[in-house]
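So the structure is just underneath, and the comments pick up after that.
To find a chain, count down the sequence lines: A is the first, B the second, and so on, and within it residues start at 1.
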Amino acid sequence: MFIFAAMANEANNFAEIISHCKEYGYIFQSSELYDGLAAVYDYGQMGAQLKKNLRDSWWKSMTQMHENIVGIDAAIFMHPTVWKASGHVDSFSDPMIDNKDSNKRYRVDHLIESYAEELKVKSDEILEINNIKKSNKEINDDEYGLEANKASVFYNKGAQILEEMDTLIAATDYAALKKLIEENKIKCSISKTCNWTDIREFNLMFNTKIGALADEADTIYLRPETAQGIFVNFLNVQKSGRMKIPFGIAQTGKAFRNEIVARQFIFRMREFEQMEMQFFVRPGSQKEWYNYWKDERKKWHESIGIPAEKLRFHDHIKLAHYADMALDIEFEFPFGWKELEGIHSRTDYDLTQHATFSKKKIQYFDNDLNEEGKPYGNYTPYVVETSVGLDRLFLTVMSLAYHDEKWTREDGTPDGRVVLKIPAKLAPIKLAILPLLKKDGLPEIAKQIMNECKGSFMCFYEEKDAIGKRYRRMDAIGTAFCVTIDHQTKEDNTVTIRYRDDMRQERIALSEVKNLVEKLIG
RNA sequence: GCGGAAGUAGCUCAUUUGGUAGAGCGCGACCUUGCCAAGGUCGAGGUGGCCGGUUCGAGCCCGGUCUUCCGCUCCA
C-alpha cells in the first residue's frame, strides 16, 4: 500500500503534451522520415482511435440522437463552379503587402481601412475640440465653420479612399492599389515608413488538375470547407429523405487550406478535419435556431468532459460575407483562448448562390400553416451552421487529459506518473488485462477475459514486466481501466480492477468485468 | 514570409579549445521477483537533420537547406 502525500504540480506544458503525443503513438509529424512536411501531422495507433471515438461521439449526438438530422459523406473534389458560387475563389485570395523596413505584412484592405479609420478619428477630434471651444465662446461661428470644414475634409478623404479601394480590389488592379497607399502616405505602424513591396496575392485554396488535359477547365480545388458538399446536396437529401424543415445535414471530412503560416501543432494545419452540420430553417426563424444551437453545442462539449469554465462564446464583430450572425465557441488552450467551434447563421446566401450559378431552382415547399391558416409555401431555406475542428477537439481533449503527477511515497522517496485522464468513453483503450504472473495458469484466465471483452470494446493484453510498470504504461496512453488476474482469481473467481484517474483498486467478480466496463464507458 | 532559438540512440542529455561518439531511462531475450516505473546477465539501436565548403582530419568552423518551438504576420 502507498499513500499520496502530495498530488500537485500538474503543469500543462504544451511542449510536454506534444512530445507525449509522439512518444506514445498519438501524433507523428507527417513524413518525418524525410524531415517532415510543415504543418501536416499523422495520427498514430492511439491517436487514430481517439480521433475516431471523438468523431463517432459527435456523429451519434448529431444523427442518432436527432430524428431530423441525417448524415452524408460528400467528395473532396467538387465542380469548380461550386467555389465561384460560394465566394471562395474571390474572397479566399487576399492581396497582401509587406513593409520592407519592419518586414511586417498587412492585408491590403486592413491597412487601408485602418488608415481611413484614423482620418475619421482625426475628424471627430477636431469637431469635438471646437464644439467645446464654441460652447465656451472661445471662437465665433466663422472660425467654427472653418474648423468644421477641416474636419469634413478628413472625413470625406477617408470615405473616398475606401471607395477607391473597393473599386481597385474588385478590379484586382494591384498597381493602382499600391499607388493609392503611396499617394496617401499610409505608413507601417512599426517602422513608420512608406517603403512597401508590391502587392501580392495569396490563394488559400489548393488546386490540382483532373483529367488528362491540362487546360484551365480542368483545374479543380481541394475543398477549403466541407459545407458546400451539403449545400449542393440539399435537394437530393431533402427529396430522397422526405425531410421537413427544420432539418439538418451532418458531415465529417477533410478540408484543405493553404495557410500562410500554420502553427501550434495540430491547431492550425493545412489538411484538417471538420465535423459540421447545416440546419435548414424557415426564413425569419434563424435567430431562434442560432441561439438553440449555440447552447446545444456548448452543452455537447461539456458532455464529453470539457469543463464549462474552459469554454466561452466569442461573438464575431466583423462578419464573413455569408453570415448575419456568427460566434465562436472558444476553449482555453495551453496557448490561450482559441476557436474550437464556429456557429454561423449563413442566411440563404449559399443556396441562393448555387441556384444562381447552376441556374436551377433550389427551394422548399413548406406545407405547414402560417398564422393566416395558409401554407408557408415556396422559399429558400435559411441555414444555421455548426462547425467543429475535429483536430482542435482532439487537442482540447489531450490538453485537458495530460497530467504530470508527483507525490511522495510513505518512505519519503519521490514518485510520480504521467497520466492521460481521457474520459473513459473516449479513451482509445478501455481495458488492459494483466495477469500478475506469466505462469501458474494466470495468462490463460486473462486471455479468456480478453476473448470475452474484445468484441465489445477495445482491450489490451500485457504480461511482460512488473505490474507497477504495466500500470504506468497504461496511464501514459490513457487506458481507462486495468484488471489484474492473480492467484486468488483461481480460488474465488475475482479480479482486481484498477481505476486510472485515482489509482483506486477494488476486487470484483471475474464475471462482472465486462458489464462493469460497459457501464462505465456508456 | 520576417526575426530569435534549437536539431547527437525511441526519450532526456553528455562529448574541455576540430583527432572518425557515451550515459541514464526506454526497447528485445533469458533468469529471479510478484499489486503501482524491482534486481541480474546478454543484446539490438547513431554515415551526429540533410547537402556542400575549409582542413591531413569536422558532431564541433563556414555557407546553404529542411524541420520544430517562440514572437510578428496570417487565420474568408
Decide, yes or no, whether a salt bridge links A:Asp465 with A:Arg473 under the criterion of side-chain N to carboxylate O below 4.0 Å. yes

Between A:Thr347 and A:Asp324, is there a side-chain donor-acceptor contact under 3.5 Å, judged purely by atom types and distance? no

Show each protein N/O and nucleotides 10-13 of chain B N/O combination with a separation under 3.5 Å, one pair to a line.
residue: B:C11; atom: OP1; partner: A:Lys22; partner atom: NZ; Å: 2.9

Using a 4.0 Å heavy-atom cut-off, does A:Lys464 contact any base of the nucleic acid, only the sugar-phosphate backbone, or nothing at all? sugar-phosphate

Provide the distance between the two P atoms, one in B:U41 and one in B:C25, to the nearest whole Å. 12 Å

Please verify the inter-ring angle class for A:Phe231 with A:Phe280; under 30° counts as parallel, over 60° as perpendicular, anything in between as tilted. perpendicular

Suppose we call two aromatic rings close when their centres sit under 6.0 Å apart. Are A:Phe267 and A:Phe265 close by that rule? no

Are any of the side-chain nitrogens in A:Glu462 or A:Arg470 under 4.0 Å away from the carboxylate oxygens of its partner? no

Give every donor-acceptor pair under 3.5 Å between a side-chain atom in residues 36-46 of chain A and any protein atom, sequence neighbours left out.
residue: A:Tyr43; atom: OH; partner: A:Asp391; partner atom: OD1; Å: 2.6

On a whole-Å scale, what distance lies between the P atoms belonging to B:G4 and B:U17? 25 Å

Distance in angstrom units between A:Leu436 CG and B:G34 C1', rounded: 5 Å

Closest nucleotide among B:A38, B:C35, B:G28 to the A:Arg507 side chain: B:C35

Just the rounded figure in Å: distance from P of B:U32 to NZ of A:Lys438. 10 Å

Output a table of nitrogen or oxygen pairs between the protein and nucleotides 66-68 of chain B separated by less than 3.5 Å.
residue: B:U67; atom: O4'; partner: A:Asp35; partner atom: O; Å: 3.0
residue: B:U67; atom: O3'; partner: A:Gln29; partner atom: NE2; Å: 2.8
residue: B:U67; atom: O2'; partner: A:Gln29; partner atom: OE1; Å: 3.3
residue: B:U68; atom: OP1; partner: A:Gln29; partner atom: NE2; Å: 3.2
residue: B:U68; atom: OP1; partner: A:Ala39; partner atom: N; Å: 3.1

More than 12 heavy atoms of other residues, nucleotides or ligands under 6.0 Å from CD of A:Glu163: yes or no? no

Taking only the C1' atom of each, what is the distance from B:U16 to B:A9 in whole angstrom? 24 Å

Residues in contact with RNA chain B, drawn from residues 481-499 of chain A - heavy-atom cutoff 4.0 Å: A:Thr484, A:Asp486, A:Thr496, A:Arg498

Gap in Å between the two C1' atoms, one belonging to B:U68 and one to B:C60, rounded: 22 Å

How far, in whole Å, is B:U47 from B:U33 if one measures between their C1' atoms? 42 Å

Pair A:Glu332 + A:Arg312, salt bridge at N-O below 4.0 Å: no

Between A:Glu330 and A:Lys298, is there a side-chain N and carboxylate O pair less than 4.0 Å apart? no

Any sub-3.5 Å donor-acceptor pair from A:Glu271's side-chain atoms to A:Phe256's backbone N or O? no

Do any side-chain nitrogens or oxygens of A:Arg473 fall under 4.0 Å of OP1 or OP2 in B:C27? yes

Looking across every strand, which nucleic acid part, if any, lies under 4.0 Å from A:Asp465 by heavy atom: base, sugar-phosphate, or nothing? base

C1' spacing across the pair B:A21 / B:G40, given as an integer number of angstrom: 28 Å

Per-residue pairing states of RNA chain B in dot-bracket (Watson-Crick or G-U under 3.5 Å; . unpaired, | other strand) read (((((((..((((.....[..)))).(((((.......))))).....(((((..]....))))))))))))....

I would like to know whether A:Tyr115 and A:Glu117 meet side chain to side chain donor-acceptor pair (under 3.5 Å); could you show each step before the answer? CA-CA 5 Å; A:Tyr115 178 69; A:Glu117 181 62 27; over 6 Å; no

Any luck finding a side-chain donor-acceptor pair between A:Thr226 and A:Gln274 under 3.5 Å? yes

Taking it one step at a time, do A:His354 and A:Ile362 satisfy side chain to side chain contact (heavy atoms under 4.5 Å, CB included)? CA-CA 8 Å; A:His354 287 306; A:Ile362 304 180; 3.8 Å; yes

If you measure from the P atom in B:G53 to the same atom in B:U67, how many Å do you get, rounded? 23 Å

Ring of A:Phe331, cation from A:Arg392 - is the NZ or CZ under 6.0 Å from the centre and inside 45° of the axis? no

So which nucleotide from B:C36, B:C35, B:G26 ends up closest to the side chain of A:Met503? B:C36

note: A:Glu462, atom CD; B:C35, atom P; distance rounded to Å ~ 17 Å

Return each pair, listed once, that meets side-chain hydrogen bond (donor to acceptor under 3.5 Å, both in side chains) where at least one residue sits in residues 20-31 of chain A; pairs must be two or more places apart or across chains. A:Lys22-A:Glu32

A:Phe335 CZ to B:C70 C1', straight-line distance once rounded to whole Å: 13 Å

Atom-pair distance (CZ on A:Phe267; C1' on B:C74), nearest Å: 13 Å

Between A:Arg470 (CZ) and B:U33 (P), how many Å, whole number? 15 Å

Under 6.0 Å from the NZ atom of A:Lys490, do we count more than 12 heavy atoms belonging to anything else shown? yes

Using the P atom as the reference point in each nucleotide, state the distance between B:G64 and B:G46 in Å, no decimals. 31 Å

Can you identify which nucleotide, out of B:C70, B:C36, B:C35, has its nearest atom closest to the A:Phe14 side chain? B:C70

Between P on B:C30 and CD on A:Glu463, what's the gap in Å once rounded to a whole number? 10 Å

May I have the distance from A:Lys406 (atom NZ) to B:C36 (atom C1'), rounded to whole angstrom? 16 Å

